[in-house]
2 protein chains.
Amino acid sequence: MPSEISFSIGDLAKATGTKVETIRWYERVGVLAAPERTSGNYRAYGAEHLERLSFVRRARDLGFSLDQVRDLLQLADDRNQPCDAVDRVAREHLEKVERKIADLEALRHELRDLIGQCRHGTVAECRIVQALSPQFGPAGISRRA
Amino acid sequence: MPSEISFSIGDLAKATGTKVETIRWYERVGVLAAPERTSGNYRAYGAEHLERLSFVRRARDLGFSLDQVRDLLQLADDRNQPCDAVDRVAREHLEKVERKIADLEALRHELRDLIGQCRHGTVAECRIVQALSPQFGPAGISRRA
DNA sequence: CCTTGACCCTGTAGCGGCCACAGGGTCCAT
DNA sequence: ATGGACCCTGTGGCCGCTACAGGGTCAAGG
C-alpha cells in the first residue's frame, strides 16, 4: 500500500523557492532524481525529494557549482565514510571565493582611482576615457604594408 | 593613394592579447567596426582599430559589460560633451562591484563557519553535510495526499 | 610551377545555469 | 461542459566568448 504523501512540482517549487523550470532542469542534469509519475504523467515528489532539493539550493546559494553539488550529494550519501572529502570540496570552494574577492577588490581600487580623477570637464579631457585608452600594447605592429 | 598601414587579424590579436575569434565576435556584436577587406577577403585593420580594441579590452578587464563598453565608446567619441555620463557609467559599475564584494564576503563568512565546524568524523555526523541539509523550508507541504 | 604549412574565412555548436516561451494535456470546481 | 490553474515536452535565448569543421589565401622553399 503506497500510503506515502506526494506533491506536485509546483508545491516543491514553492516550498524551496525554486522555479518549476529549474527543478526540471535539475532532473535533466542529474542533481535531482526523477520522481514517480501520476497516471496523468505529473511528477509526484516525496519527502526525500524535498530534502534533496533543499540541499541543492542551499549549496547553490553558497556558490557551489552544480558539479560540486553532485559531488557533495554523492559524498553525503555515503554516511559511514569519513567526511574529509566533503571538507576538501568546501575548502576548495572557499579558496575560489577568496580569490574572487581579492580580484574584485583590486578592481574596486582601479575603478575608484579612475572615478576620483574625473574633473567633470569635457570628454576630450576626461581621465576616465584616457585611462581606458592607454598607450598601446606591445610594439611590433606597424611594419606590414 | 591609400598609403596607410594595415595589419591582419592575427597581428591585432597578438598586439592586444585577444583571441582571433574574440575579435570577430566583437565585430559581430558591434563593439569593433568592421574593417576593410583585402582582395583575398582578409580583414585589414588600421591604427584606429588597434586603439579601439585596446579600449574595449581595458574596459573588459575592469569588468564592464559589453553593453557598457558600447556606451562608453559612444560617449568617448563625443569629445566635446561633458563627461558626466562617462562618470555615471563608471560609478554604476563600481557600485555593482562593491555589492558583489559584499555578497562574496558574506559567503566567505558562511563557508568559514561551515568548515570550522568539521570534526573530521564520518559523513553521518559531518556538520558541513548537516548545514547543507537544513530544517526544511516554509511549511505547508505535507498536506496533500 | 607546385607544394607545404601558416594563416585567414564563414558558420555552427557548446559552456553554465538557468529562464521563458509555444503548443499541447490534465484536473478540479462550478 | 467549461474555464482556469496547473502540468507536460521541447526549443531557443541570455553572456561572452571558445572551439571546432570545412573550406580559401598566400608566401616561402624546392
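Numbered from 1 within each chain, the chains take letters A, B, ... in sequence-line order.
Within the structure, ring pair (Phe, Tyr, Trp, His ring centres under 6.0 Å) contacts touching residues 101-125 of chain B (residues at least two apart or in different chains) do not occur.
Distance D61(B) CG to dG16(D) P: 14 Å, rounded to the nearest Å. To the nearest angstrom, P of dC8(D) lies 10 Å from CD1 of I23(A). Computed from coordinates, the K14(B) NZ to dC7(C) C1' distance equals 9 Å when rounded to whole Å. Atom CG in D11(B) sits roughly 14 Å away from atom C1' in dA27(D) (whole-Å rounding). The CG atom of L53(B) sits 11 Å away from the P atom of dC17(D) (whole-angstrom rounding). For W25(A) and dC8(D), the CH2 to P distance is 17 Å, given to the nearest whole Å. Taking atom CD of residue E27(A) and atom C1' of nucleotide dG17(C), one finds them 16 Å apart after rounding to whole Å. One can place CZ of R57(B) at 10 Å from C1' of dG16(D), the figure rounded to the nearest angstrom.
Under 4.0 Å is where a charged nitrogen must lie from a carboxylate oxygen, and between R70(A) and D67(A) at least one such pair does. Look at R52(A) and D77(A) and you find a salt bridge, because one of the NZ, NE, NH1 or NH2 atoms lies within 4.0 Å of a carboxylate O, short of that distance.
Contacts between residues 33-45 of chain B and DNA chain D, counted as heavy-atom distances below 4.0 Å, involve S39(B), G40(B), Y42(B). For DNA chain D, the residues of residues 66-74 of chain B within the heavy-atom distance limit of 4.0 Å (strictly under) are L66(B), sorted by number.
Considering only heavy atoms from C-beta on, D87(B) comes within 4.5 Å of I128(A) through its side chain. Inter-residue side-chain proximity for H49(B) and R43(B) is flagged as unmet; no heavy-atom pair is nearer than 4.5 Å.
Counting non-hydrogen atoms of other residues, nucleotides and ligands closer than 6.0 Å to CZ of R28(A) gives a total of 12 or fewer.
Under a 3.5 Å cut-off, the side chain of H93(A) and the backbone N or O of L62(A) do form a donor-acceptor pair.
Note that CG of D61(B) is 7.0 Å distant from CZ of R58(B), once rounded to the nearest 0.5 Å. Rounding to the nearest 0.5 Å gives a distance of 5.5 Å between OH of Y26(A) and CZ of R60(A).
Contact annotation: T22(B) does not reach the phosphate of dG16(D) (side-chain N/O to OP1 or OP2, under 4.0 Å). Distances shorter than 4.0 Å separate none of the side-chain N or O atoms of K19(A) from OP1 or OP2 on dG17(C).
Of the two residues near DNA chain C, Y26(A) and E21(B), the one whose nearest nucleotide lies more 5' is E21(B).
Distance from the side chain of R24(B) is smallest to dT10(C) among dC17(D), dC18(C), dT10(C). Out of dC18(C), dC8(D), dC19(C), the shortest distance to the side chain of I9(A) is found at dC8(D).
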